Amino acid sequence: MENNRLDKLNKLKEKGINPFSNDFEKKENIKNIIEKFGGKDKDFFENNRVEAETAGRIIIIRSFGKAAFFRIRDGFGEIQCYIQKDGIPEQDFELFKEYMDAGDICGVKGHLFRTKTDELTIKVESIHILTKSLLSLPEKWHGLKDIEARFRKRYVDLIANQEVREIFKKRAETIRFFRSFLDANDFLEVETPMMQANPGGATARPFKTHHNALNLELYMRIAPELYLKRLVVGGFDRVYEIGRNFRNEGISVRHNPEFTMLEFYTAYSENTSLMEFVEKMMSELALKICGNYEIEYGTEKLNFKPPFKKIKLKDSLIEIGGFKTEEIDDAEKVFDILTKRNTPGISKTDSLGELLTILFDETVEPKLINPTFITDYPVESSPLARRNDKDVSVTERFELFIAGREIGNGFSELNDPLDQEERFKMQVETKIKEGLPAEMDDDYIEALKQGLPPTAGCGIGIDRVVMLLTNSHSIRDVILFPLLKPVK
RNA sequence: GAGCCGCUAGCUCAGCAGGUAGAGCACCUGACUUUUAAUCAGGUGGUCGUGGGUUCGACUCCCGCGCGGCUCACCA
């Protein structure tokens, strides 16, 4: 089959026609043609000759003996073309009939008309082959369904499945929205190292790499957090970064080894006003991308209309998890509950705070369908967050949950270098126990000693947000080239 | 990493109590100058993911391996 196409390509060359020519000047996009003339009726075209010169990939051909309809598509639109033997140079008709297939890329010149079914169509007067495609297109009706093939050959997926294009357009719009929203609020976009000698800011395992000239072990960043806060120390009061993080963990419908995070920090702020800012940003995002506060996700309906529900972690266990206050007021009782639930990875030595967080993850998180802020996280699970002055066992932290999953995480930053040093020491100990690379980030402590103003910061998982906005079940549906094992 | 499921033509899928593979689209030939999954007639195309085993005979049954999907775990 490919040989047919190869034969055609060779014959074109023999005839002196370049099957990969680039000398056709594309006058306008298909979308422009449709925008200008999509509203004109049959009479208009009968009385006015409208020239059309455009180019695109042939996506379907319906061929007759001495005529054919075909549809071409460029990056912005699609239009039907009609070619017939009469009235055009013989070699153009022959080129089309004998040597061109669906999948080829061509330039056409002609004029517009409406068919008897009233479809805007280009009557072709000359045709040029710009790229001969050597592989056939997936089936016109079912498209490309094989999930593995869709990811490995995303270019075919994008040709065959138009809804996939829409997902990635929405992804781009989402990122653009975040940028312009933050820019409008006086944030400065920055870029911080992705290769770090001491990966910090989160607890995940990092990817290792190596710099030859310096003979230096480096890690791909797991978070930009510690660098962004150094910048706030430096006097950039509002900074944000949108970029890739790398975490050497398992892969699932919600996890890809590289993923995109938005992190932003505001000096002279604290977590409650940050939460309101996030609420405003997220609700406006939904409105902008989906045109509505209410969106459908799978079988769920999500309502982004502010205000979002806000509830303390402990209260959520009672109100949403259905536990009684006295059931969860000490570590031993919570440990028993978790043991009965066969929860893995818990230990008698875990603190009440740690156990409550685990219990929350298991029982409450899946039930948080509409956007919900959970606040007052235990100190133990929040090593970079500021303690709550009124209750030192919890931090000034919130997480945003939507559709039963974590979407954002924000808090008042811990800016006491002595407290931070203590917590880092504990963190390093735990990491070493788990066999993870762990080193005290002395420079970060020094930065705090220099003086970090009271600051609040937040991270939002862009991929997961895009999943919600595009009703995508898997994170791989919103990443153009998700990680796959190589074949063979 | 574990459990379950899948892998057949370029694409979408059938098939099998184990007897040597089929359809539609695409492609080729012919007919057809306004089609909308165009239509009609004929045709080409497959180491049935891979390596073993059982058997006279394996796409089909059994085991290993590869890749993928889903669920779970680590994580966001």
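Per chain, numbering begins at 1; letters A, B, ... match sequence-line order. It should be emphasised that the depicted structure is a prediction, and the values quoted were computed from it without experimental measurement.
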Ring centers of A:Phe246, A:Phe259 separated by less than 6.0 Å
no
For atom P, what is the distance between B:rU8 and B:rU47, given to the nearest Å?
12 Å
Does the ring of A:Trp141 lie flat against the base of B:rG24, closer than 5.5 Å centre to centre with planes under 30°?
no
Students often get this wrong, so: under 4.0 angstrom with heavy atoms, is A:Gly459 touching a base, only sugar-phosphate, or nothing?
nothing
Taking atom P of B:rA76 as reference, at what distance in whole Å does atom CD1 of A:Ile407 sit?
13 Å
Nearest-Å distance, CG (A:Leu134) to P (B:rG10)?
15 Å
Shortest side-chain distance from A:Lys66, nucleotide among B:rA37, B:rC32, B:rU34
B:rC32
Distance only, no hydrogens: is a donor on one side chain within 3.5 Å (strictly under) of an acceptor on the other, for A:Lys97 and A:Ser63?
yes
Given B:rC74, B:rU12, B:rA76, the nucleotide with the shortest approach to the side chain of A:Ile475:
B:rA76
What does A:Gln84 touch in the nucleic acid at a heavy-atom separation under 4.0 angstrom: a base, only the sugar-phosphate, or nothing?
base
Over 60° means perpendicular and under 30° means parallel, so classify the ring planes of A:Phe373 and A:Phe398, tilted if in between.
perpendicular
Which nucleotide, B:rC11, B:rA38, B:rC28, lies nearest any side-chain atom of A:Glu139?
B:rC11
What's the gap between B:rG18 and B:rC61 when it is taken at their C1' atoms, as a whole Å value?
8 Å
Return yes if a side-chain donor-acceptor contact under 3.5 Å exists between A:Arg221 and A:Asn245, otherwise no.
yes
Give the C-alpha distance, both sets of side-chain angles, the deciding distance and a yes or no for side-chain hydrogen bond (donor to acceptor under 3.5 Å, both in side chains) between A:Ser381 and A:Glu354.
CA-CA 6 Å; A:Ser381 51; A:Glu354 286 168 314; over 6 Å; no
Aromatic ring proximity A:Phe181/A:Phe277, centre distance under 6.0 Å
yes
Considering only side-chain heavy atoms of A:Leu484, which listed nucleotide, B:rA37, B:rG68, B:rC27, is closest?
B:rG68
What nucleic acid atoms does A:Asp146 come within less than 4.0 Å of, heavy atoms only: base, sugar-phosphate, or nothing?
sugar-phosphate
How about A:Tyr265 and A:Glu263: does a side-chain donor come under 3.5 Å of a side-chain acceptor?
yes
With rounding to the closest Å, how many angstrom separate the P atoms on B:rC48 and B:rG19?
16 Å
Does B:rA76 have its OP1 or OP2 closer than 4.0 Å to a side-chain nitrogen or oxygen of A:Arg464?
no
Within less than 4.0 Å of OP1 or OP2 of B:rA76, is there a side-chain N or O belonging to A:Thr203?
yes
Report the nucleotide, chosen from B:rU35, B:rC27, B:rC74, that has the shortest atom-to-atom distance to any side-chain atom of A:Asn4.
B:rC27
Answer yes or no: side-chain N or O of A:Glu119 and base N or O of B:rU34 forming a donor-acceptor pair under 3.5 Å.
no
Expressed in whole Å, how much space separates the C1' atoms belonging to B:rA26 and B:rA9?
11 Å
Could you go over nucleotides 5-9 of chain B and give all protein N or O partners under 3.5 Å, atom names and distances?
none

Any base atoms under 4.0 Å from A:Ile222, or only sugar-phosphate, or nothing? Heavy atoms, all strands.
nothing
Reckon A:Lys140 has a side-chain N or O less than 4.0 Å from the OP1 or OP2 of B:rA38?
yes
Atom CZ of A:Arg5 and atom P of B:rG45: how far apart are they, to the nearest Å?
19 Å
Pairwise P distance, B:rU34 and B:rU39 [rounded to whole Å]:
15 Å
Phosphate oxygens OP1/OP2 of B:rG68: is one of them under 4.0 Å from a side-chain N or O of A:Lys485?
no
